[in-house]
Amino acid sequence: MNASVFGYSRWLGVTPGSRILATLPLCHVTGMQNSMNLPILTRSTTYLMTRWNAALAAKIIQQERIEHWRSITTMIIDFLSLPWIKDVDVSSLKAIGGGGAQMPAGVARKMSKLIGLDYIEAYGLSETIAPTHINPPQAPKQQCLGIPIFDVDCRIVNPETLEELGSNEPGEIVTHGPQVFHGYWQRPEETEAAFLTLDGERFLRTGDIGYVDDEGYFFFVDRLKRMVSVSGLKVWPAEIEAILHDHPDVKEACIIGDPDPRTGEALRAVIVPRKDSLNAHRLKDWCRQNMAAYKVPRRFEFRDDLPRTGAGKVLWKDL
């Protein structure tokens with residue numbers, strides 16, 4: 001925990017007296033580390049919300065001159081969807097970012113235009129007590145996990161052969177570092193399956209598919225177990241979701257696979273629309289123009305919201 005929280009303070013520039021907005025639950029690793037332990041370590045002030053409310057967050061940022069805010073993508077979408085958001089004074093913010101899901105490019109552009117800051121994305125797991133990767137604040141990349149933080153060794157391996165892969169080759173993300181957990185309590189078989197050894201060091205298998213570019217930045221592709229196979233062709237839901245978020249009338253999207261007797265699996269898009277006028281026929285036509293034919297969802301389902309965990313992550317398995 002110390003490795004993670006001390007890394008946070010140096011990386012994000014949180015100093016004594018900083019004003020931090022806490023919108024993540026403290027029972028979740030990011031909320032606990034960033035919104036509770038970090039302010040205690042740096043002698044900063046936490047403005048703690050009892051539950052997420054975009055309008056209240058905007059009021060607190062303006063009224064209390066908030067400087068740092070870590071969130072998740074869905075909170076930013078809610079925040080930017082406030083009809084009067086352009087009238088909010090957000091000039092006090094020095095750093096804003098988070099993780100949990102990729103920040104769609106369209107949302108990132110809108111946020112950068114409104115707030116004047118890049119959204120600093122990060123990556124970590126409960127098993128790593130929050131981040132192993134954060135984007136450099138001076139040189140972030142969009143839809144990117146960032147680079148390994150202090151003392152972290154991260155690699156990409158073939159999930160079947162465990163062979164280490166080169167740059168720009170998708171594979172499983174594996175991580176070694178001081179914040180990686182030792183194992184699951186009284187579950188030795190699961191603990192053994194969660195680790196592999198590379199160059200004499202113990203690496204955690206994250207179960208996430210990603211790749212590292214030529215500059216050492218890591219990118220997320222999708223969960224290893226979430227891949228959908230359409231007629232034998234691999235489809236990564238996160239890719240389709242990112243494209244759908246570029247549609248001006250789509251507020252949120254979640255892609256899942258349904259059993260299909262002909263193709264094995266078929267894609268279903270669960271959509272939270274911005275406008276009631278959005279319909280499946282028009283959205284499917286738009287998808288055909290913006291992605292390969294086999295990636296176009298077979299079904300479109302419209303909902304008022306998506307099911308979430310207490311930490312705000314979409315419960316795609318429930319869908």
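Only a predicted model underlies this, so the values are computations on that prediction, with no experimental measurement involved.
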| request: For the residue pair I149 and Y123, establish whether any side-chain heavy-atom pair is separated by less than 4.5 Å. | output: no
| query | Do NZ/NE/NH1/NH2 and the carboxylate oxygens of D260 and R299 come within less than 4.0 Å? | reply | no
| query | Between M103 and Q142, is any pair of side-chain heavy atoms under 4.5 Å apart? | reply | no
| query | Should N34 and L24 count as side-chain neighbours, where that means a heavy-atom distance under 4.5 Å? | reply | no
| request: List for me each residue that meets side-chain contact (heavy atoms from CB on, under 4.5 Å) alongside L196, sequence neighbours excluded, and say none if there are none. | output: L162, V174, L198, F203, R205
| task | Count the heavy atoms belonging to other residues, nucleotides or ligands that lie under 6.0 Å from CH2 of W185, then report whether that count exceeds 12. | result | no
| message | Strictly below 4.0 Å, N to O, side chains only: are D249 and R282 in salt-bridge contact? | response | no
| Do the side-chain N and O atoms of Y8 and N37 include a donor-acceptor pair separated by under 3.5 angstrom? | no
| task | With the side chain counted from C-beta on, respond yes when L204 and F181 share a heavy-atom pair under 4.5 Å apart, and no when they do not. | result | yes
| task | Please answer whether the main-chain N or O of R19 pairs with a side-chain N or O of R65 as donor and acceptor at a distance below 3.5 Å. | result | no
| task | Please check if any side-chain donor atom of S81 sits under 3.5 Å from a side-chain acceptor atom of R274, or the reverse. | result | yes
| message | Between K59 and V88, is there a side-chain heavy-atom distance shorter than 4.5 Å? | response | no
| query | Given side chains that start at C-beta, do those of R155 and D199 come closer than 4.5 Å, heavy atoms only? | reply | yes
| request: Look at the rings of W69 and F79 and say which category their plane angle falls in: under 30° parallel, 30 to 60° tilted, over 60° perpendicular. | output: perpendicular
